[in-house]
Amino acid sequence: MKKIVVLTGAGISAESGLKTFRDSDGLWEGYNIQDVATPEAWRRNPDLVQDFYNQRRKSVLEANPNAAHYALARLEEKYHVTIITQNIDDLHERGGSSNVVHLHGIITRSQSSRNSNLTYPINGWEIKMGEKCEMGSQLRAHVVWFGEAVPMIEKAARICTEADIFILVGSSLAVYPAAGLVDYVPNGAPKYIIDPKIPYLGDDSSFIKIEEKATMGVSRIVEKLLR
Ligand code: NAD
């Protein structure tokens, strides 16, 4: 079976009602990233950070997968598919994909603020201040903040080196190390990019560019690949 590797960013979930942040001048839901998505922000104002991610979790639980998530799941009929996502939502899983690597964590789980390996399911949408891990530390969202290590990056890079076909959907390629994964795809493997505003791809001219929203563009490519 041929291997398809799909790298997704916030853009694939935009049509499910979850906002990207590059589309609104670097703000994410009206917040400056430095104030809500860094270890410094957590030290400065843990209540604000906790509340920010509680609100994001609520939105994720209220959202549904869209046609792009569902179409990617259909690729499994004919290919070995791995989705590497920068997203912290669970829409790929709910859309039916069975092999999803979350580079930046997943908001439906909590983690110890002392040891990122200790993660737990969350009851409902909220992590409350005072809820602690087994070591007695406050629980926070299981997401990778700016300035934190990305534990899954090596596994993701290895997966990219084995791609027969590569598909990039809805990422501004502005967040590293995720953006660097593109460089691990073997020369000669067809590479597609689907984004209504194709980001700067450096001197890589080998991408097949589909300048469309995810629901349209992904569905079209999947039809073609399943033919
Ligand atoms: P980004 O916000 O930097 O870029 C979004 C990209 O999606 C842009 O290139 C934009 O043109 C494109 N886009 C917008 N609407 C689209 C659509 N309908 N279809 C396809 N593409 C569309 O996102 P990023 O590159 O993923 O980096 C942002 C970081 O923010 C990630 O690390 C991620 O963890 C986090 N984030 C996650 C979510 C989520 O989980 N849903 C949402 C916002 C931000």
Side-chain angles (χ1 to χ4, degrees), residues 6-38 41 49 52-72 83-95 97 100-109 111 125 140-153 156 167-182 192-202 207-222:
V6 188
L7 176 61
T8 66
I12 196 168
S13 297
E15 290 164 90
S16 291
L18 302 177
K19 287 206 183 110
T20 68
F21 64 72
R22 301 290 155 180
D23 288 326
S24 49
D25 275 346
L27 293 183
W28 190 7
E29 302 279 354
Y31 286 87
N32 194 317
I33 296 305
Q34 301 305 323
D35 295 335
V36 290
T38 64
V49 174
F52 175 77
Y53 282 101
N54 281 340
Q55 293 307 324
R56 302 286 71 71
R57 188 175 305 106
K58 203 169 179 198
S59 310
V60 164
L61 293 174
E62 285 166 3
N64 291 309
N66 64 48
H69 298 102
Y70 287 121
L72 290 177
I83 313 262
I84 301 171
T85 187
Q86 298 172 73
N87 295 344
I88 56 177
D89 64 55
D90 62 350
L91 297 183
H92 283 300
E93 285 88 347
R94 283 197 267 144
S97 284
V100 186
V101 175
H102 280 269
L103 275 181
H104 296 157
I106 186 159
I107 199 165
T108 50
R109 293 184 75 81
Q111 82 177 44
W125 62 277
R140 51 167 268 196
H142 176 44
V143 299
V144 174
W145 286 328
F146 289 90
E148 290 189 314
V150 181
M152 297 305 272
I153 196 72
I167 306 175
L168 174 62
V169 190
S171 173
S172 63
L173 291 181
V175 177
Y176 279 84
L181 286 174
V182 171
Y192 298 90
I193 175 165
I194 298 143
D195 196 307
K197 233 162 78 190
I198 305 275
Y200 176 65
L201 295 166
F207 269 96
I208 300 157
K209 301 189 184 88
I210 294 134
E211 205 148 9
E212 283 178 3
K213 289 186 174 181
T215 51
M216 283 289 281
V218 174
S219 304
R220 224 152 46 78
I221 291 302
V222 167

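Atoms within each ligand, like the ligands themselves, are counted from 1 in listed order.
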Those atoms of ligand 1 less than 4.0 Å from some heavy atom in [X]:
X	result
Lys19	42 (C), 43 (C)
Gly9	26 (O)
Lys213	18 (N), 19 (N)
Ile88	39 (C), 40 (O)
Glu15	17 (C), 18 (N), 19 (N)

Between [X] and [Y], which heavy-atom pair has the shortest distance, and what is it?
X	Y	result
Ile107	Tyr53	CD1-O, 3.4 Å
Asn87	Ser13	ND2-OG, 3.5 Å
Asp89	Glu93	O-OE1, 4.4 Å

Considering only the protein, which heavy-atom contact is closest to [atom], and what is its distance?
atom	value
atom 16 (C) of ligand 1	Gly11 O, 3.5 Å
atom 36 (N) of ligand 1	Trp28 CZ2, 3.7 Å
atom 32 (O) of ligand 1	His104 ND1, 2.8 Å
atom 26 (O) of ligand 1	Ala10 N, 2.8 Å
atom 35 (C) of ligand 1	Phe21 CE2, 4.0 Å
atom 11 (O) of ligand 1	Asp195 OD1, 2.6 Å
atom 34 (O) of ligand 1	Gln86 O, 2.5 Å
atom 1 (P) of ligand 1	Arg22 CG, 3.1 Å

Examine [X] against ligand 1 and note whether any of their N/O atoms are separated by less than 3.5 Å.
X	result
Ile194	no
Asp89	yes
Ala14	no
Pro199	no

Donor-acceptor contact present, side-chain Arg94 to main-chain Ala63, <3.5 Å: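 Pair found, side chain donor or acceptor close to backbone of Ala63.
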
Donor-acceptor contact present, side-chain Thr38 to main-chain Ala41, <3.5 Å: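 Present.
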
Can you tell me how far [atom2] of [Y] sits from [atom1] of [X], rounded to the nearest 0.5 angstrom?
X	Y	atom1	atom2	result
Thr108	Trp125	OG1	CH2	15.0 Å
Leu72	Ile83	CG	CD1	4.5 Å
Met152	Thr85	CE	OG1	12.0 Å

Close approach of Pro196 to ligand 1, heavy atoms, under 4.0 angstrom: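 Checking ligand 1 against Pro196, which is what was asked, there is a heavy-atom contact under 4.0 Å.
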
Residues in side-chain contact (heavy atoms from CB on, under 4.5 Å) contact with Ala214, at least two apart in sequence or another chain: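 Residues passing side-chain contact (heavy atoms from CB on, under 4.5 Å) with Ala214: Ile12, Glu15, Ala68, Val169, Val218.
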
Contacts of type side-chain contact (heavy atoms from CB on, under 4.5 Å), residue Ser171, not counting sequence neighbours: Gln86, Leu168, Leu173

Nearest candidate to atom 37 (C) of ligand 1, where distance is taken over non-hydrogen atoms, out of Asn87, Leu91, Val175: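 Closest candidate by heavy-atom distance is Asn87.
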
Note, Phe207 side chain near Ile198 side chain (heavy atom, < 4.5 Å):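 The answer is no; the side chains never approach within 4.5 Å.
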
Arg56 charged N/C atom sitting above Phe52 aromatic ring, 6.0 Å / 45°: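 Judged by the rule (NZ or CZ under 6.0 Å from the ring centre, within 45° of its axis), Arg56 counts as positioned above Phe52.
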
